[in-house]
Amino acid sequence: MPCSSIETSNNFCGGGDGGDVNGRIHNFKLNEHTFLASLMPKKEIGADRFIEAHPHYDGRGAVIAIFDSGVDPAASGLQLTSDGKPKILDVIDCTGSGDVDTSKVVKADKDGRIQGASGASLVVNSSWKNPSGEWHVGYKLIYELFTDTLTSRIKKERKRKWDEKNQEEIAKAVLHLDEFDQKYTKVEDLKLKRAREDLQNRIDLLKKQGDSYDDKGPVIDAVVWHDGELWRVALDTQSLHDDRKCGKLADFVPLTNYRIEQKYGIFSELDACTFVVNVYDEGNILSIVTDCSPHATHVAGIATAFHPQEPLLNGVAPGAQIISCKIGDARLGSMETGTGLTRALIAAVEHKCDLINMSYGEPTLLPDYGRFVDLVNEVVNKYRLIFVSSAGNSGPALSTVGAPGGTSSSIIGVGAYVSPAMAAGAHSVVEPPPEGLEYTWSSRGPTADGDLGVCISAPGGAVAPVPTWTLQGRMLMNGTSMASPSACGGIALLISAMKAEGIPVSPYSVRIALENTSIPVGGLPEDKLTAGQGLMQVDKAYEYIQKSQDLSCVCYQIKVNQSGKSTPISRGIYLREATACQQSTEWAVHVEPRFHDDASKLEQLVPFEECIELRSSNNAVVRAPEYLLLTHNGRTFNVVVDPSNLADGLHYYEVYGIDCKAPWRGPLFRIPITITKPKAVLNRPPLVSFSKMSFLPGHIERRYIEVPLGASWVEATMRTSGFDTSRRFFVDTVQLCPLRRPIKWESVVTFSSPTAKSFDFPVVGGQTMELAIAQFWSSGMGSHETTIVDFEIVFHGIGVNRTEVVLDGSEAPIRIEAEALLASERLAPTATLNKIRVPYRPTEAKLCTLPTNRDKLPSGKQILALTLTYHFKLEDGAEVKPHIPLLNNRIYDTKFESQFYMISDTNKRVYAMGDCYPASSQLPKGEYSLRLYLRHDNVQYLEKMKQLVLFLERNLEEKDIIPLNFFSEPDGPVMGNGTFKYSILVPGIKESFYLSPPNKDKLPKCSSQGSVLLGAISHGNLSYAGEGKNPQKNPVSYQISYVVPPSKIDEDKGKGSSSASTKPMAERLQEEVREAKIKVFGSLKQDSDEDRSEWKKLAQSLKSEYPKYTPLLVKILESLLSRSNIGDKIHYYEKIISAADEVIDSIDADELAKLFSLKADPEDEDSEKNKKKMETTRDQLAEALYQKGLALAEIESIKGEKPSALAASEAVSSDLRSDLFEENFKELTKWVDVKSSKYGTLYVLRERRFGRLGTALKVLNDMIQDDGEPPKKKFYEMKLSLLDEIGWNHLSTYERQWMHVRFPPSLPLF
C-alpha cells in the first residue's frame, strides 16, 4: 500500500518560521523565500548547498524508475529537465489494469467505416497510413481507468445532466396525462383505461429510473494499427462529450508507445485526465495508462520536478529523468500486485535506470525474504541499480518497519523527518518544534531478525505536483512515501556528479557514503531505531564518495546466529524476551564481503584484504574481538552480550568494523544489538501502572512488559491531566512471535480535556509487549503545557487446552478444559458458526508462456502463467469471498510471483476481482466461473498448482447463524440435560465443559458434504461489560470449525412404485422404440441444406408413423427453433407457425381444461401421475402458443405491418381480417401467466402492437427483475428497442452503456 497521507488545512493552523537543519530555534518568522523553500524541503538534506556549489550536478544523467501509482506526464514541473530534456522517458502500466483486448481485426468498408468492438460504427481518418488495411479494435469502460475520486466527480456531473433530461421527459409525460384527463373526464372504455394506464406507467418508469440510476460510465472505442513503421492508436471518446461532434475517432491525433514520441492525450475537458498508450503482442494488447492515485505524481515531483519560474519549488533533482512504472492496480484501488512489481523491475533494467524509488509497502511475515526480494537482489547486485524505499507509516512502536523498504538488505529504507521550517511552512503549525524530529507515525526498527530497519531519514512531507484531474497544481502530502523520493532525489544528485566525474556508480559505495555522513536525529543510541543513521547530507556524502572513489565497491553481508544453534540466521542481535535478557549469550557473526556480479575474480576478489578494527559502542554490555583480517570469503567472529545488569527498558548498541588503514571511512559494517528488557509482572492480580509520564509534542514513552503466562487480554486505562488545549496521542502495543507478522494493536485518541479512556486488546502470554505512548508531533504546539499521563494495565486470561476447535461432524461433543492462572475470572463460554467455506477443485487448468517482453526477466527467462477455472452455483444471492490458504495475505513474503482472480457469470459479466487479499462480493443467484491467474518463471512450481484447492467463503444470513451449546455432561447434547452456562475460575483449579456440535437440522441449505462451517468461540468477557452472545465482540476469541458430514439418507428414496406397470410387454416395447426414435431425431444436425432435407423426410416419416403424437410434434418445433442458418425469414417463421399449430391441434384443449378443473387426490399415486402428465401437456400447449405468437410478431415486423393501423381498437371490426396474433394471445392467457418471465415477451409485443410502450416497458422491467436467472440479453435488447421507439434517448444511452457491463463480448485480460 502507498506509505503516505494527504493533509488538509483543518488539521493544522497558524504560522511559524525555520532554522538550522536539526538545531534549536527560537521565535523565528518565515519570509516568502523561506516559506516557499519549506514547501519542497531541500535544505534539510544539504541538496540546496550541493546544487549551489555544483549547478550542473542537479540530477542530469540520472534516470529514476518511480514504482508507484502512475505519474501524470501533464503535471506541473514534469515536462522538461533543467537542461531541456524530456522529464519522463516512459510511462508503463505494469499491472495490466489498463489493458484492452485488441485481438479482433476488422477492415474498413468503401466509406472508410469500421465496426468498433463496442458495436459503434466508426469512421477512420483517410490520412492515416495503414498498409495492411487491418484495424485492431477493442473497447474500455472509462471508469476502469479513473480513480474513485475522479469517478465520483464525473458521476456527479453526469448525474446532474442526466437528471435534467429525465425531469424534462417526466414533465412531458405528466403533460400528456393531464391532456388525456382533460379530454376524457370519464374513463370507462377498456381501450381508454389501458391508454391512461400506459401514460401513468411512463411517468412511473421515469421516476423509478431516476431513483435507481447507477452510472457505469461511458465506453470508449480503441483502434490499433501499424502504419508501416510504428503501431498507432486512436480512441473514439464521443460518449464523454455533450457535443457529439467532439471526440470522434477520425479527429483523434494518433499516439504510439510513449517512450518513442513522449506524447500523451486527455480524454475530455470534463475529466481532465491524462493518458498514454503502449501496444504489445503485435497489436493484440493495448495498454491505456492512467494513474490510480495522485501519489506517484507527488512522489515524482519531490524527486525531480523542475519549475524554471519558481526554482524554490523544484524537486530535489530537477535535472533527473524518470520512467513511471505503475505498480498500483486500478482494479484494486491502488494496491500493488506481484505482476506489477515484477514487470516494474524488468522495465527498470531495460531502461538502464540508475535508481528505483518505491513508496509502497506493508508488514511482512519474514524479513528479507520472498520472490520480489530475490529479484531486487539481482537488480541491485548485478545491474547496480540503487533501490530506495519508504520504511512505513506504522510507528511509533518498534519493529514496525514494512516490507520491502524497511526489511530488505538490498534496499535503502527511509524514515520520515520533519524540520522546524517544514512544520512552520508546509504544515502551518502555530509554533514549530524547537528542533527537527521524526514524524510520530514513521515506522521504527529493528526488524524481527535484528536488522536496523531504517537506513537513513529524509524530509517526509512536501507540497508537490499532483495530476491534472485533481484540478489543482500542488498538494501537501506527508509520509515515508515523501521521505523516500526526497532521499532518492538526493542520491540522484550524487549519481549526476559521479557520472560527470567518471566515478563508478555502485549502490554499495553510495549507501556507505550516505550512512557515514548522515546527521544523527536525537541524542540517544536507540534513536537510530527511529531515524537510522540520521538525516542524509548530500554534500557530505559527495565529499565521502570523492575521497573513496578508488576503493573497492563492496558491501558486507552480516549473518548472525546464537552459538551452538544453526538456526535461525539473522542480520542483527535482538534480545526481546525476558529469558534472553537475564544472562549472557554468545553469538557467531559472519561477515562476508559482497562484490557486484561483474567483479573480476583475479583483479578484485583475490587481492581483497582488509584489516578491520572491531569496536563496541559499550564494552560493558557487548564484547567483541579487537581485530579481524577480512578477505573475500569472509570471516566469523564471536560477540558476547550481557544484558543481566541493565535496567528495564530499551537499550541499543552496535559492534562496527573500522578500516585500520583508513579510519576516516567510518564504520564499514555494523551489527545492531537491540535489547528490550521487559518489566516482570509479579503482583496478583496482575496489574502494572506507569504514573506521571510527562509529554510534550513528539515525545514518546516506551515501556516493555513481560506478559504473564496465562494472560490473553488486557484491560487498560489512560488518564491525562495538566493541559489546556486538546491533545492527540498514539497508543501502540507490539508483540513478536515466530513466523507471524508483528502482533500490533493501535489506537489514536484525542483528549479535548483532562479525562480517562479505557482500552482492551488481546495479548500473547509469555511474550514481551511494547507499550508505546506518543503525543503527536504537532499536537499541543503553542500551548507550552506538559501533559501528564497515568497508564494502568490489568492482565486477564483464561487458559484452555484447545484454542482452535475442530468439530469433526460426528455427534460427539468436544471436551474443553479451562483454567485461570492469574486471578479469578468468570468463565462464560459462547460460540457461534456464522460462515461456511466450500472447497472446489479446478475444472480446467491452462498453462501458457506469456508472449510479451514486459514478461521477460532480465535473466532472459520468460514468465509463465497458469489459469485455473473453478465453477460454482448459488441457489440464492450471497456475499462470497475466495480463500486460498496457500497464497492469501502475502505479497512480499512469498516465493510465488503473483495471483489474481476474476468472478464472472455465464454472460461473462465480471462481478469481482482480487489478488492475495480477497474481498467479499455480493453475487446474485446463478452460475459463476472463478478464474485464478498464477505467474512464475518456474514451470515445475506451476505444475504443482494445477489441482489447487480453492474455498468459497460466505457469511450466513442472520437467521442461519448457529449458536452452539455447552454442557457439563458428555451425554448432554443427546439427553438435553446438564447445560453449562458459566462458572467462576479460581487460580490453580481447572474446570471442564463440553461443546456440543450443531443440530443437523440447523445446518444451512448450502452446506454440502466436505464444507466447513466457521465461527468463533470465546471463554471470558470484559470485567466491565455484560455477557455477550457474540464471541467476536469479546476481547479474545478463537476460530471454531465444523466439518459437514454426509447428508442423511432419504428413507423414501429407492422405493419403487407400489404397483407394477400393467401394460403388456409388447406395448411397452413399442413405446420405448418410439421414444428412442424421437430422441435420436431431436439430436440430428441441420447445418447444411442436405442435413435439413434429410431432417424433413424423417420428420414426415415419423409424423406418418405416430400421427398427432404431441411429444414428437413438440420435438419438431424445438428442432425448427434451434436452427441458426436462416435464409428466407418469412418462410422460416411460417414453418414455425405451422409446426406450432400441429402441436396445438394434437391437444384436446377442452378435455385438458376439464381435467384441470378436477381436484387431484395427493394420496392417490395414479392421480398424482395424471396431474404431472396434464401439467406437461399444458406446458407443451403454452409453449406452442408462445412460439406461434413470436413468429406472427416477427412476420409483422419484417413486412412492416402495424396492427394499430389495421384496427383502431382491440375489438377488431368485422369487416377487417381476423387478428391472428390477438386470437393466439388470448388463447395463451387461458393457460399461463402471460406476464411471467417465461411468456412475458409476448405480452410486451402485444402492448407494443397497440402503441402502449409505457406498459410494455413496465412489463419488461418486471420480467427482468423477477427472472431470477442470469440476465437475458434478448430482454435488454427489447428494452433498448422500446426506449428508442418511445424517444427517451437519455435512457437508451444509459442502457447501452450497461449492456457492455452485463454482456461483454469476452472476458477481460488479466
Side-chain angles (χ1 to χ4, degrees), residues 59 61-68 89-90 92 94 259 303-304 317 320-327 338-358 360 368 370-389 404-405 408-413 455 484-485 487-489 491-499 502-514 545 549 552-557 592-601 603-605 852-863 892 897 937:
V63 180
I64 305 173
I66 305 292
F67 288 13
D68 215 286
L89 296 174
D90 204 356
I92 310 162
C94 301
R259 69 185 298 181
T304 70
Q321 295 176 295
I322 65 172
I323 66 165
S324 168
C325 299
K326 179 180 172 184
I327 62 170
T339 297
L341 291 166
T342 302
R343 284 178 175 169
L345 285 172
I346 293 169
V349 173
E350 180 190 352
H351 284 75
K352 295 181 170 54
C353 294
D354 303 290
L355 284 151
I356 295 171
N357 182 87
M358 180 170 157
Y360 266 63
D368 207 31
R371 165 78 167 166
F372 180 67
V373 173
D374 292 342
L375 294 175
V376 168
N377 290 340
E378 180 184 353
V379 165
V380 171
N381 297 327
K382 183 175 182 179
Y383 298 98
R384 299 189 176 221
L385 274 76
I386 301 170
F387 201 127
V388 187
S389 185
S408 308
S409 294
S410 296
I411 298 176
I412 297 173
C455 176
S484 183
C488 190
I491 297 171
L493 301 180
L494 297 176
I495 291 174
S496 182
M498 293 170 77
K499 285 187 172 183
I503 301 173
V505 176
S506 164
Y508 305 158
S509 58
V510 169
R511 179 168 186 151
I512 195 171
L514 291 170
I545 288 170
Q549 60 181 299
S552 297
C553 291
V554 61
C555 71
Y556 301 83
Q557 187 177 52
E592 183 177 342
R594 284 287 305 270
F595 292 80
H596 287 293
D597 290 0
D598 59 357
S600 168
K601 291 181 175 60
E603 295 180 9
Q604 292 177 275
L605 273 58
T852 63
N853 285 334
R854 62 177 173 169
D855 294 312
K856 180 181 283 188
L857 294 170
S859 63
K861 290 183 179 179
Q862 196 75 32
I863 295 171
Y892 298 104
E897 182 177 303
D937 64 290

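The nearest pair of heavy atoms linking Ala492 to Ala320 is CB-CB, 4.4 Å. Considering every non-hydrogen atom in both Gly405 and Ile411, the closest pair reads CA-CG2, 3.9 Å. When all heavy atoms of Ile323 and Ala347 are compared, the pair lying nearest together is CD1-O, 4.0 Å. Counting all heavy atoms, side chain and backbone alike, Ala348 lies closest to Ile356 at CB-CD1, 4.0 Å. Minimum interatomic distance between Arg343 and Asp855 (heavy atoms only, all atoms of both residues): NE-OD1, 2.7 Å. In plain terms, the two heavy atoms of Leu857 and Leu375 that are nearest each other are CD2-CD2, 4.2 Å.
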Evaluation steps, side chain to side chain contact (heavy atoms under 4.5 Å, CB included), between Ser410 and Phe387: CA-CA 7 Å; Ser410 296; Phe387 201 127; over 6 Å; no

Verdict with supporting geometry, Tyr360 and Asp68, side chain to side chain contact (heavy atoms under 4.5 Å, CB included): CA-CA 7 Å; Tyr360 266 63; Asp68 215 286; 3.5 Å; yes

Stepwise side chain to side chain contact (heavy atoms under 4.5 Å, CB included) test for Leu345 and Tyr383: CA-CA 11 Å; Leu345 285 172; Tyr383 298 98; over 6 Å; no

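Interatomic distance, Asp90 CG to Ser324 OG, rounded to the nearest 0.5 Å: 8.5 Å. For the atom pair CD1 (Ile64) and OG1 (Thr304), the distance works out to 6.0 Å, reported to the nearest 0.5 Å. Note that the CG atom of Asn357 and the CD1 atom of Ile322 stand 10.0 Å from one another [nearest 0.5 Å]. The line from CG of Leu341 to SG of Cys325 is 10.5 Å long, rounded to the nearest 0.5 Å. Distance CZ/Arg511 to OG/Ser409: 7.0 Å, rounded to 0.5 Å. The line from CE of Met358 to CD1 of Ile327 is 4.5 Å long, rounded to the nearest 0.5 Å.
When atom types are taken as modelled, the side chain of Gln862 and the backbone of Thr852 share a donor-acceptor pair closer than 3.5 angstrom. No donor-acceptor pair closer than 3.5 Å links the side chain of Gln549 to the backbone N or O of Ile545.
Residues Glu350 and Asn853 fail the side-chain proximity criterion, which asks for heavy atoms closer than 4.5 Å. Residues Val376 and Tyr892 form no side-chain contact, since every pair of their non-hydrogen atoms from C-beta on lies 4.5 Å or further apart. When side chains are defined from C-beta on, Ile346 counts as touching Pro858, because their heavy atoms get closer than 4.5 Å. Contact annotation: the side chain of Cys455 never approaches that of Leu514 to less than 4.5 Å [non-hydrogen atoms, C-beta and beyond]. Between Arg384 and Val505, every side-chain heavy-atom pair lies at or beyond the 4.5 Å cut-off. Two residues are said to be in side-chain contact when any heavy atoms from C-beta on lie closer than 4.5 Å; Ile491 and Ile412 meet this criterion. When side chains are defined from C-beta on, Met498 counts as touching Val510, because their heavy atoms get closer than 4.5 Å. Side-chain contact check for His596 versus Cys553: some heavy-atom pair is nearer than 4.5 Å.
One side chain, Tyr508 or Asn381, offers a donor N or O that lies under 3.5 Å from an acceptor on the other.
Taking a 6.0 Å sphere around NZ of Lys499, one finds it holds more than 12 heavy atoms contributed by other residues, nucleotides or ligands.
Salt bridge status for Lys382 with Asp598: absent, with no side-chain N to carboxylate O gap under 4.0 Å.
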